[in-house]
2 protein chains.
Amino acid sequence: MALNLARGLEPRSEGLVDALREAILTGRYAPGTRLVQEELAEAFGMSRIPLREALRRLEGEGLVVITPNRGAIVRPLAPKDIVDLYELRLALESLALRRAAERFADLRAATKQRHAQARQAIAARNLTALFRLDRDFHADIAAASDNAHLVAALGAQWSQIMRVMHAYFQAGDYPVDTWDDHEAIADAVAHGEAELAVERMSAHLTGSRDRILATLRESAAR
Amino acid sequence: MALNLARGLEPRSEGLVDALREAILTGRYAPGTRLVQEELAEAFGMSRIPLREALRRLEGEGLVVITPNRGAIVRPLAPKDIVDLYELRLALESLALRRAAERFADLRAATKQRHAQARQAIAARNLTALFRLDRDFHADIAAASDNAHLVAALGAQWSQIMRVMHAYFQAGDYPVDTWDDHEAIADAVAHGEAELAVERMSAHLTGSRDRILATLRESAAR
DNA sequence: CCGGTCTAGATTGTATACAATTTTACGGTG
DNA sequence: CACCGTAAAATTGTATACAATCTAGACCGG
């Protein structure tokens, strides 16, 4: 009975959903990629039954599109999707910021720490770490809203955006001033200045969105 | 060549997801209800394989909670969930209204027509029809926003609220002034007065939310 | 009576096998 | 060469069977 703890005790499909989601979010399965059941089942070392269940789960999350009798693909994302997603996201983040500012949530220390870690990650060209640090900031704000459904909605939105970024970004593309923006937003929240925080978030997201759109156009042109 | 529109030709799990979702949304399976696979498979006339896939799909949509080796239940909803959902919903509806007002979307005729149909439904004590008419108004606004992701987010939110209402409402509980509110909102949108529309929506939703919370408390007390 | 085993039944998890459908490859025809 | 039918291969859909796990109740010692 060696390492049965990691996998042996829980159903196969449990870890599988996370593994598949991770692979889709990190772009290992890029938008539009066909997900052939037997290949995946082989790759993850199980039969097609739990695999199919995992695909249905991800279909429900909006990460996968399943067409009857024709199989599953990673949900494609058009430029219009990016625009729509960011529009939606600003509304969600604004709500989160207002709720966080109401209770004077103080994320300044954590944000500052992430800023330092980000410098290291940039030096090391560690794109994955940068994404994670970025996500953590926004997740902290969402959590500070104390609204589980808002957290879920923001999480779903982040997943979609993340897929494009991982698919088309290089380490150099990551905007340097991200972390300054974050600190400015955390400051406003800590002082209870919700509308200032929202304004800063709006600028932050617009910049981020336009950079993604530009990168997407570049990739399409090549 | 041949049109494969026929229902009989598509996989069993397709119609199944819709049937199960419908049953959950209409409260036939109320929040907290255990969903035993063999029972359901029997009821829908198929084996557990497609049924399990449907449950996973609904899990991804947030309507069902699956615990490993212990089965699925209809996701429970606490009063706090209602509050959070309405807070989220107002943010989403506001965004939709602003986008709809930008393009002076004119929903007045459709809204007026639904008002008339609602009168009949009230007279006939047809609660299901009332819910559908209510949903159609909000779905129209969402559609007018021309943002597919916003539509999806609003749809998910509506599903959650709908479950509580179906579970605890009687026909008499449905607020009469709903349809006047809708017409007032449609008027503001048609005139491009976004902020007025938002203000009216806010009042509309607050009233709706408080009525649900009151009904919920009543049910709990009994 | 209380709290703790322990076993039988109920229920979930998944591999296998096969049916249904789509895709691909191919040879004939104009 | 393009255009079809058509059969083979690939792929998806699902029923069955069995293993793994949980649940409920009987039983027992305290």
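Proteins get letters first, then strands, A, B, ... in listed order; numbering begins at 1 in each.
- Across all strands, I66(A) comes closer than 4.0 Å to no nucleic acid atom at all (heavy-atom distances).
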Quick test: give all pairs of protein nitrogen or oxygen and nucleotides 23-25 of chain D nitrogen or oxygen below 3.5 Å, distance rounded to 0.1 Å.
unit_1  : atom_1 : unit_2 : atom_2 : d
dT23(D) : OP1    : R70(B) : NE     : 2.9
dT23(D) : OP1    : R70(B) : NH2    : 3.0

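- Distance CG (L51(A)) to C1' (dA15(C)): 14 Å, rounded to an integer number of Å.
- A donor atom on one side chain and an acceptor atom on the other are found under 3.5 Å apart for R89(A) and H138(A).
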Quiz item: Would N147(B) and E87(A) count as a side-chain hydrogen bond (donor to acceptor under 3.5 Å, both in side chains) if you check the C-alpha gap in whole Å, the side-chain angles of each, and the deciding distance to 0.1 Å?
Solution: CA-CA 9 Å; N147(B) 181 330; E87(A) 187 172 88; 3.2 Å; yes

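- Computed from coordinates, the L35(B) CG to dG13(C) P distance equals 13 Å when rounded to whole Å.
- For N69(B), taking side-chain heavy atoms from C-beta onward, the closest of the listed nucleotides dT11(D), dT12(C), dA15(C) is dT12(C).
- Atom CD of E42(A) is separated from atom P of dA10(D) by 15 Å (rounded to the nearest Å).
- Here the P atom of nucleotide dA15(C) and the CD atom of E38(A) are 13 Å apart, to the nearest Å.
- Looking at R52(A) and E53(B), a side-chain N of the basic residue comes within less than 4.0 Å of a carboxylate O on the acidic one, giving a salt bridge.
- Looking at which nucleotide of DNA chain C each of R34(A) and R34(B) is closest to, the 5′-most match is held by R34(B).
- The only member of D134(B), L107(B), D140(B) that meets side chain to side chain contact (heavy atoms under 4.5 Å, CB included) when paired with H182(B) is D134(B).
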Exercise. Step by step, work out the side-chain contact (heavy atoms from CB on, under 4.5 Å) result for W179(B) and L130(B).
Key: CA-CA 10 Å; W179(B) 320 100; L130(B) 285 171; 3.6 Å; yes

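- Spacing between atom CD1 of I73(A) and atom C1' of dT11(D) amounts to 16 Å, rounded to whole angstrom units.
- Nearest to the side-chain atoms of I49(B) among the listed nucleotides dT14(C), dT11(C), dT12(D) stands dT14(C).
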Self-check item: Verdict with supporting geometry, S208(A) and Y86(A), side-chain hydrogen bond (donor to acceptor under 3.5 Å, both in side chains)
Solution: CA-CA 9 Å; S208(A) 171; Y86(A) 266 94; 2.8 Å; yes

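- Side chain R48(B) to base dG13(C): a donor-acceptor pair is found below 3.5 Å.
- In this structure, CZ of R52(B) is placed 15 Å from C1' of dT16(D), rounded to the nearest angstrom.
- The ring pair (Phe, Tyr, Trp, His ring centres under 6.0 Å) test with F131(A) singles out one residue from Y174(A), W158(A), F137(A), and that residue is Y174(A).
- For the pair L55(B) CG and dT12(C) C1', the computed distance is 11 Å after rounding to whole Å.
- Q37(A) places its CD atom 15 Å from the P atom of dT14(C), with the value rounded to the nearest Å.
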